[in-house]
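None of the values given here were measured: they were computed from a predicted structure. Hydrogens, waters and symmetry mates are skipped; everything else that's a heavy atom, side chains included, is used.
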Amino acid sequence: MVFKACDEDHKGYLSREDFKTAVVMLFGYKPSKIEVDSVMSSINPNTSGILLEGFLNTVRKKKEAQRYQNEVRHIFTAFDTYYRGFLTLEDFKKAFRQVAPKLPERTVLEVFREVDRDSDGHVSFRDFEYALNYGQKEA
């Protein structure tokens, strides 16, 4: 288990450095100072690090976020049939014809305009992700 491997001194908790190593092992990137500070700020002040339970909760949340991010990317890629990295109004119309064929074109246009936050006629992945995240929070 990663927790035990990173708790080399068998302290029963992961220090800041141990936690960074665990994130690299599990997720393949070095966490930012802000991310580490966020995790470490939620620990028990009587210990000098994150206990197993807190570590497992953190990892579970990160895995869920990663899974959601992958799903959003998959949906975006399915809509971006020309692999341009953005969606046009035509891409939106085509996608909506497949998933909601009875939806009025006016509604599709309204959705497109709402998602195209900078009104440049393109929906970037960031715009798309923002719209889906906003929809999740509203639901």
Side-chain angles (χ1 to χ4, degrees):
M1 170 182 214
V2 172
F3 185 90
K4 285 184 180 181
C6 293
D7 181 16
E8 293 176 0
D9 302 332
H10 308 291
K11 306 174 294 293
Y13 62 85
L14 299 182
S15 67
R16 289 179 71 83
E17 292 307 311
D18 296 338
F19 178 73
K20 288 180 193 176
T21 303
V23 170
V24 170
M25 289 173 71
L26 288 169
F27 298 98
Y29 76 93
K30 182 179 175 189
S32 69
K33 181 181 181 327
I34 293 170
E35 183 177 351
V36 175
D37 287 349
S38 172
V39 169
M40 291 304 189
S41 71
S42 65
I43 64 170
N44 182 339
N46 297 330
T47 66
S48 299
I50 187 168
L51 298 173
L52 177 60
E53 184 179 339
F55 176 73
L56 292 176
N57 285 337
T58 299
V59 168
R60 181 182 46 76
K61 287 176 187 170
K62 287 182 73 52
K63 285 283 187 191
E64 287 171 4
Q66 192 177 49
R67 193 174 309 118
Y68 179 73
Q69 178 81 13
N70 289 342
E71 288 173 11
V72 171
R73 176 63 69 183
H74 182 73
I75 294 167
F76 181 83
T77 302
F79 286 1
D80 183 15
T81 55
Y82 296 105
Y83 306 105
R84 295 174 294 209
F86 60 84
L87 305 175
T88 64
L89 177 58
E90 289 308 311
D91 296 328
F92 253 62
K93 287 178 182 178
K94 183 178 176 185
F96 275 94
R97 276 195 302 268
Q98 291 174 350
V99 297
K102 294 189 168 121
L103 196 65
E105 192 167 316
R106 187 184 86 248
T107 304
V108 175
L109 179 60
E110 288 171 11
V111 169
F112 182 82
R113 286 183 178 151
E114 186 76 24
V115 176
D116 180 16
R117 294 185 304 159
D118 59 3
S119 301
D120 66 353
H122 297 110
V123 171
S124 66
F125 177 73
R126 284 185 92 105
D127 291 337
F128 188 77
E129 182 180 38
Y130 176 82
L132 287 182
N133 287 335
Y134 182 79
Q136 289 284 82
K137 290 174 187 159
E138 293 294 306

Inset, instruction - Heavy atoms only: give me the nearest T88-H122 pair and the separation to one decimal. - result: CG2-CD2, 4.2 Å

Legend entry - Path from F92 to I75 over hydrophobic side-chain contacts below 4.5 Å: yes

Inset, instruction - Hey, could you give me the CZ/CG distance between F86 and D120, rounded to the nearest 0.5 Å? - result: 9.0 Å

Legend entry - E129 side chain reached by Q69 side chain, heavy atoms, under 4.5 Å: yes

Legend entry - Same apolar cluster: M25 and L14, side chain cutoff 4.5 Å: yes

Inset, instruction - Please test T77 against Y83 for side chain to side chain contact (heavy atoms under 4.5 Å, CB included), starting from the C-alpha separation and ending with a verdict. - result: CA-CA 7 Å; T77 302; Y83 306 105; 4.2 Å; yes

Legend entry - Student check: side-chain heavy atoms of L26 and K62 closer than 4.5 Å: no

Inset, instruction - Measure the spacing between CZ of F19 and OG1 of T21 and express it to the nearest 0.5 Å. - result: 10.5 Å

Legend entry - Distance in Å, K33 NZ paired with S38 OG, rounded so as to fall on 0.5 Å steps: 11.5 Å

Inset, instruction - Check the surroundings of atom OH in Y82: do more than 12 heavy atoms from other residues, nucleotides or ligands lie under 6.0 Å from it? - result: no

Legend entry - Sequence-distant partners of F27, ring pair (Phe, Tyr, Trp, His ring centres under 6.0 Å), two or more places apart: none

Legend entry - S32: side chain to side chain contact (heavy atoms under 4.5 Å, CB included) partners, not counting sequence neighbours: I34, E35

Legend entry - Heavy-atom closest pair, residues D7 and G12: OD2-N, 2.8 Å

Legend entry - Crowding at CZ, R113 (>12 non-hydrogen neighbours, <6.0 Å): no

Legend entry - D116 side, atom CG; L87 side, atom CG - distance, nearest 0.5 Å: 10.0 Å

Inset, instruction - Show the numbers, then the answer: is there a side chain to side chain contact (heavy atoms under 4.5 Å, CB included) between V23 and V59? - result: CA-CA 8 Å; V23 170; V59 168; over 6 Å; no

Legend entry - Residues which pass ring pair (Phe, Tyr, Trp, His ring centres under 6.0 Å) with F79, listed by chain and number, not counting sequence neighbours: F128

Legend entry - Cluster link M40 to V24, ILVMFWY, side chain under 4.5 Å: no

Legend entry - Pairs meeting criterion salt bridge (Lys or Arg N to Asp or Glu O under 4.0 Å) with involvement of residues 88-109, two or more places apart: R84-D91, E90-K93, K93-E105, R106-E110

Legend entry - Pairs where residues 15-31 contributes a residue and the test salt bridge (Lys or Arg N to Asp or Glu O under 4.0 Å) is met, not counting sequence neighbours: K11-D18, R16-D37, E17-K20

Legend entry - All pairs passing salt bridge (Lys or Arg N to Asp or Glu O under 4.0 Å) where residues 64-74 contributes a residue, at least two apart: R60-E64

Inset, instruction - Begin from the C-alpha positions of L52 and Y13 and carry the test side chain to side chain contact (heavy atoms under 4.5 Å, CB included) through to its verdict. - result: CA-CA 6 Å; L52 177 60; Y13 62 85; over 6 Å; no

Inset, instruction - Find the distance between CZ (F55) and CD1 (I50) and round it off to the nearest 0.5 Å. - result: 7.5 Å

Inset, instruction - Check whether any side-chain heavy atom of K63 sits under 4.5 Å from a side-chain heavy atom of T58, and report yes or no. - result: no

Legend entry - Beyond-backbone contact of Y130 with V115, side-chain heavy atoms, under 4.5 angstrom: no

Inset, instruction - Hey, could you give me the CZ/OG distance between F76 and S124, rounded to the nearest 0.5 Å? - result: 6.5 Å

Inset, instruction - Go through the steps to decide whether H74 and N70 satisfy the test side chain to side chain contact (heavy atoms under 4.5 Å, CB included), and finish with yes or no. - result: CA-CA 6 Å; H74 182 73; N70 289 342; over 6 Å; no

Inset, instruction - Look at atom CD of Q66 and say whether more than 12 heavy atoms of other residues, nucleotides or ligands are closer to it than 6.0 Å. - result: yes

